[in-house]
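The sequence lines fix the lettering, A, B, ..., with proteins before strands; numbering per chain opens at 1.
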2 protein chains.
Amino acid sequence: MIENGFSFVEENYIKAVYHLNTQDGKPVSTNALADEMQTTAASVSDMLKKLSQKKVVFYQKYKGASISPKGKEIALKVIRKHRLWEVFLVDQLKFNWDEVHEVAEQLEHIKSPLLISRLDEFLGYPKYDPHGDPIPDEDGNFAQVKKEPLSVVEIGSSCQVIAVDDSSTAFLKYLDKMGISIGTKLRVEDKNEFDGSIDINLENDKSITVSPRAAENLLVATD
Amino acid sequence: MIENGFSFVEENYIKAVYHLNTQDGKPVSTNALADEMQTTAASVSDMLKKLSQKKVVFYQKYKGASISPKGKEIALKVIRKHRLWEVFLVDQLKFNWDEVHEVAEQLEHIKSPLLISRLDEFLGYPKYDPHGDPIPDEDGNFAQVKKEPLSVVEIGSSCQVIAVDDSSTAFLKYLDKMGISIGTKLRVEDKNEFDGSIDINLENDKSITVSPRAAENLLVATD
DNA sequence: GATACTATTTAGAATAATCTAAAAAAAATA
DNA sequence: TATTTTTTTTAGATTATTCTAAATAGTATC
């Protein structure tokens, strides 16, 4: 599987380096990468040498690796594909949030720019995946939105539900009954010291109260 | 890529053996397979030895290979996936008939029974792919329909358009103007000796005449 | 039936990705 | 700083797939 330029395995390593390196800015250690990739430090060492030659990571022996501009580009393309496929699986094929990852891990390696642009169009150019993570556009740009649980939003702030942390049927039913779904806009009216429940105002101007447990699992983007 | 049982490469060989072996019933020669797989006879020889050990093909040195029941099962699963994805690409993502093969070659190897059953449902359980080839069900059964050009259908026979052999924009525009599309039912009323054109009767009882060129490229299933 | 030609298989080597065990470097500790 | 511990790298193998070149089997021809 080399057709395009990078093998599935290489793409996964690039993604992992990007992911870990972007989290804390520091170079990624061999062990951290081995852990992420579920493999041995020796294998990682070999692979980093190769990826360094291919200019997708910066790597110095014993000093760890960081992502290069070229590597970042590749990583973001793979991430874009991963997240678009997740949207497809959830929105169109009725998968649950927690069932999509494994399949998307496979689909993200399909090579076809046309397929991805058509899929993007078909899905209505979604900006976030079902977990609320932003989807990079063709150029690798994405809106970095801070995704936080409803429970930490300040009183008076407006926000929009972009994901849930719990995808149990029970929770989904609860949300349905409350009239809340992905995309719902709301404003926090009050927080009840007593039990931690939160009063919110929905788009239709209806006011409801959600439990602390629900507020913990409702991920929102504040305006 | 061994997760499930067979690698991408192995699946492709199995598909090729099934395909060639089913065409004429005779064992497939090493060279024929090498030709189909765009590789060397030596590679095929090695692979056949392996696939024989894995019981997916029957193979005797110098005597060629044929598909085993286990191999057939695998081949049909891959073919099912390939054709369902082709339907998705054409029906949902607006690909042309001739743009789908390469992408479907990749998608057919994605491992997820749930994905395929959901996709099948999403597409409305299609029986044929955009080229008019039948799609096997989960058990590997498929309606074998003889797909023939409209030009050979006898006068008086009824049939249904299931595919086209030419997917040029020009032809598609022509069909559109004539009110013909995949699924259109029609009856052959007469054939004009003079120029080979054919008079047909459509569902709405309208009678039209199609050119011999069009009749050649319209693939139909006779009732 | 012997010879020539073609098809197929084997031998040996290459690349990609992986592993275990041993060596070397870096970090932690005393 | 010297020593111990941890991390990382290298060395040497292994599996999967492929290739070229050489050997062998099968088929065709005279």
Plane angle bin for Phe88(B) and Phe122(A) - parallel if under 30°, tilted between 30 and 60°, otherwise perpendicular: perpendicular

Options dT10(D), dT9(C), dT9(D), nucleotide nearest the side-chain atoms of Ala41(A): dT9(D)

Gap separating the NE2 atom of His109(B) from the CD atom of Gln106(A), nearest 0.5 angstrom: 11.5 Å

Can you tabulate the close N/O pairs, meaning under 3.5 Å, that link protein atoms to atoms of nucleotides 23-28 of chain D?
unit_1  : atom_1 : unit_2   : atom_2 : d
dA25(D) : O4'    : Tyr62(B) : OH     : 3.4

Glu11(B) CD to dA16(D) P, straight-line distance once rounded to whole Å: 16 Å

side-chain hydrogen bond (donor to acceptor under 3.5 Å, both in side chains) between Ser197(B) and Asp195(B), intermediate numbers included: CA-CA 6 Å; Ser197(B) 65; Asp195(B) 60 357; 2.8 Å; yes

Interatomic distance, Asp46(B) CG vs dT9(C) P [rounded to whole Å]: 10 Å

Ser45(A) side-chain proximity, nearest of dT9(D), dT18(C), dT9(C): dT9(D)

Plane angle bin for Phe171(A) and Tyr174(A) - parallel if under 30°, tilted between 30 and 60°, otherwise perpendicular: parallel

Atom pair distance, as rounded to whole Å: NZ in Lys54(B) and C1' in dT15(D): 11 Å

Whole-Å distance separating the CG atom of Asp35(B) from the P atom of dT8(C): 11 Å

Length of the CZ-P vector between Phe6(B) and dA16(D), whole Å: 12 Å

Sugar-phosphate, base or nothing in reach of Ser43(A), heavy atoms under 4.0 Å: base

Thr40(A) vs dT18(C): side-chain N/O to OP1/OP2 distance below 4.0 Å: no

Any side-chain heavy-atom pair of Asp166(A) and Leu172(A) under 4.5 Å: no

Distance, rounded to the nearest Å, where Asn12(B) contributes CG and dT18(D) contributes C1': 15 Å

Closest listed nucleotide, where the reference is the side chain of Asn31(B) and the choices are dT8(D), dA7(C), dT18(D): dA7(C)

Nearest-angstrom distance from the residue atom OH of Tyr13(A) to P of dA16(C): 14 Å

Beyond-backbone contact of Asn12(B) with Phe6(B), side-chain heavy atoms, under 4.5 angstrom: no

Pair Lys77(A) + Glu73(A): basic N to acidic O under 4.0 Å: yes

Gln60(A) CD to dA25(C) P, straight-line distance once rounded to whole Å: 15 Å

